[in-house]
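Below is one structure, written out as structure tokens; the observations come after it.
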Amino acid sequence: MLQQTRVGAVLEHYRRFLRRFPTVQKLAAARESSILAAWSGLGYYRRARMMHAAAKVIVKEQAGRFPASAEQLSALPGIGRYTAAAIASIAFDEPTAVVDGNVKRVLRRLVADNLSDELLWETAQELLTQARPGDFNQAMMELGATICLPRQPRCSVCPVYEQCDSRGSLPKPKTLGRQNKRMIHYALDCHNGSVFLVRRPKDASLMPGMWELPEIPGANGVSPWLTLRHSITVTDYQVAVSQVSASDQSDGKWISKGRLARLPLTGLARKILRAAKLI
DNA sequence: TAAGCGTGGTA
DNA sequence: TTACCAAGCTT
């Protein structure tokens with residue numbers, strides 16, 4: 001859950017997720033839609049699918065025993081170099097350094113050089129406190145998250161200021177492309193305690209198989225019931241929601257209010273249904 | 001190597 | 001308001 005996602009955004013989902021899937025066996029046996037429903041709103045849904053796949057490998061091929069080394073962990077789906085090192089060092093005391101976005105920034109400032117990825121990993125490994133690798137790794141990430149901030153580093157309270165070659169300066173990050181903007185209209189078709197929802201195609205690149213409100217053509221002259229902003233990857237959406245019938249023109253399903261929570265909704269659909277006090 | 005993948009917080 | 005960016009991974 002923490003891959004590219006802040007701790008604050010994860011906490012509530014994490015607790016709910018562990019209540020729902022308390023063991024790797026339960027997770028492995030679950031249906032994908034149940035897992036996606038618990039993940040709904042967190043984004044990067046591929047992470048959930050891959051964690052499901054990893055749970056199945058652990059249960060079926062390794063008798064439910066977790067791999068305990070970074071090398072073995074990185075063989076699991078969805079576990080790359082960072083996550084393997086994080087689990088191995090924090091959970092199993094393996095002396096392996098992590099490099100995440102925070103550590104990259106800290107190290108590049110510390111040595112005042114735009115180190116390549118490979119050099120960053122080597123440097124982190126050299127600095128690692130062998131006796132307490134998990135604590136060291138978490139301290140490095142925490143330093144980046146709380147003091148060595150991207151925009152305004154708090155050098156005056158930094159514990160390694162004396163050893164820092166740059167004292168806070170950092171090569172200007174290259175600016176990314178501007179976000180696309182788009183207007184999109186949805187129908188909120190709701191009666192008898194049910195909402196009409198549609199399912200995204202299984203082969204969609206974005207959020208495949210997840211449920212959302214039916215999209216409708218806009219500009220019918222009627223002002224929408226609700227407007228909001230929502231950004232998905234590289235697109236900023238201006239969203240308009242109208243309470244109109246859509247069940248005749250869209251291939252979807254009526255979902256009763258009580259079942260909404262168990263459905264893998266997109267984050268945007270969840271936001272709209274919450275605004276409508278349906279969940 | 002670089003693009004694609006979600007969403008929310010922050011300045 | 002806009003733009004950046006977060007405990008990255010896969011293809």
Side-chain angles (χ1 to χ4, degrees), chain A residues 1-14 36 38-54 70 73-91 96-108 116-118 120-121 124 133-146 148-154 170-182 184 200 203-212 227-239 264-272 274:
Chain A
M1 285 182 180
L2 288 167
Q3 291 168 355
Q4 284 285 271
T5 306
R6 286 191 171 82
V7 173
V10 162
L11 273 180
E12 200 171 320
H13 276 94
Y14 173 74
L36 287 173
W39 201 276
S40 170
L42 261 184
Y44 286 139
Y45 298 97
R46 195 168 50 187
R47 294 179 298 181
R49 300 176 208 272
M50 289 193 290
M51 187 164 68
H52 191 198
L73 284 160
S74 60
L76 292 171
I79 298 193
R81 193 171 182 180
Y82 161 79
T83 307
I87 298 173
S89 64
I90 296 170
T96 304
V98 301
V99 174
D100 74 334
N102 291 306
V103 177
K104 281 185 184 179
R105 186 172 57 255
V106 169
L107 291 180
R108 290 211 243 251
S116 68
D117 274 5
E118 195 48 46
L120 285 165
W121 283 93
D135 287 346
F136 175 87
N137 282 332
Q138 294 189 69
M140 285 289 281
M141 294 189 280
E142 198 69 4
L143 181 61
T146 63
C148 196
L149 301 172
R151 318 281 185 79
Q152 289 182 278
R154 302 166 62 201
L170 192 68
K172 233 188 174 57
K174 62 181 173 199
T175 178
L176 303 173
R178 169 167 267 127
Q179 295 269 309
N180 302 312
K181 294 180 193 308
R182 190 152 101 75
I184 190 164
R200 297 179 59 81
D203 58 356
S205 69
L206 199 64
M207 300 177 276
M210 300 190 68
W211 293 82
E212 60 186 355
T227 65
L228 55 91
R229 293 189 170 284
H230 188 81
S231 60
I232 297 176
T233 60
V234 296
T235 307
D236 283 335
Y237 288 95
Q238 173 70 44
V239 181
L265 299 167
T266 67
L268 176 53
R270 175 169 300 277
K271 205 189 263 189
I272 295 169
R274 204 191 309 272

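Lettering of chains follows the sequences in order, A, B, ..., and the numbering in each one begins at 1.
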Whether over 12 other heavy atoms sit under 6.0 Å from Q238(A) CD
yes

Side-chain atoms of M50(A) come closest, of dA7(C), dG8(C), dT10(C), to dT10(C)

Per N102(A) side chain, nearest of listed nucleotides dA7(C), dG8(C), dA6(C)
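Closest of the options to the side chain of N102(A): dA7(C).
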
Between [N] and [M], how far is it from one [atom1] atom to the other, in whole Å?
| N | M | atom1 | answer |
| --- | --- | --- | --- |
| dA11(B) | dA7(C) | P | 14 Å |
| dA3(B) | dC4(C) | P | 15 Å |
| dT11(C) | dG6(B) | P | 14 Å |

Of all residues at least two apart in sequence or in a different chain, which pass the side chain to side chain contact (heavy atoms under 4.5 Å, CB included) check with [X]?
| X | result |
| --- | --- |
| Y44(A) | Q4(A), R47(A) |
| D203(A) | P201(A) |
| V10(A) | M1(A), L2(A), T5(A), Y14(A), L42(A) |
| S205(A) | none |

Distance, rounded to the nearest Å, where [X] contributes [atom1] and [N] contributes [atom2]:
| X | N | atom1 | atom2 | value |
| --- | --- | --- | --- | --- |
| Q3(A) | dC5(C) | CD | C1' | 16 Å |
| R47(A) | dC9(C) | CZ | P | 11 Å |
| R229(A) | dT1(C) | CZ | C1' | 8 Å |
| D236(A) | dC5(C) | CG | P | 16 Å |
| M51(A) | dG8(C) | CE | P | 16 Å |
| I90(A) | dA7(C) | CD1 | P | 13 Å |
| E142(A) | dA7(C) | CD | C1' | 10 Å |
| L76(A) | dC9(C) | CG | P | 12 Å |

Give one of base, sugar-phosphate or nothing for N137(A), where a contact means two heavy atoms less than 4.0 Å apart.
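Contact class for N137(A): none.
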
What does the list of N/O pairs under 3.5 Å between the protein and nucleotides 7-11 of chain B look like, with a distance for each?
| unit_1 | atom_1 | unit_2 | atom_2 | d |
| --- | --- | --- | --- | --- |
| dT7(B) | OP1 | Y45(A) | OH | 2.9 |
| dT7(B) | OP1 | G267(A) | N | 2.4 |
| dT7(B) | OP2 | H230(A) | NE2 | 3.4 |
| dG8(B) | N2 | R6(A) | NH1 | 2.6 |

N/O donor to acceptor pairs below 3.5 angstrom from side-chain atoms of residues 264-272 of chain A, sequence neighbours left out:
| unit_1 | atom_1 | unit_2 | atom_2 | d |
| --- | --- | --- | --- | --- |
| T266(A) | OG1 | A269(A) | N | 3.0 |
| R270(A) | NE | S40(A) | OG | 2.7 |
| R270(A) | NH2 | S40(A) | OG | 2.9 |
| K271(A) | NZ | R229(A) | O | 3.3 |
| K271(A) | NZ | H230(A) | ND1 | 2.9 |

Can a donor-acceptor pair be found, under 3.5 Å and without considering hydrogens, that links the side chain of N137(A) to the backbone of T96(A)?
yes

Would you say the base of dC9(C) and the side-chain of R46(A) have a donor-acceptor pair closer than 3.5 Å?
yes

Of L2(A) and G78(A), the one whose nearest nucleotide on DNA chain C sits closer to the 5' end is L2(A)

Would you say R270(A) reaches dG6(B)'s phosphate, i.e. side-chain N/O to OP1/OP2 under 4.0 Å?
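Checking R270(A) against dG6(B): no side-chain N or O falls below 4.0 Å of OP1 or OP2.
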
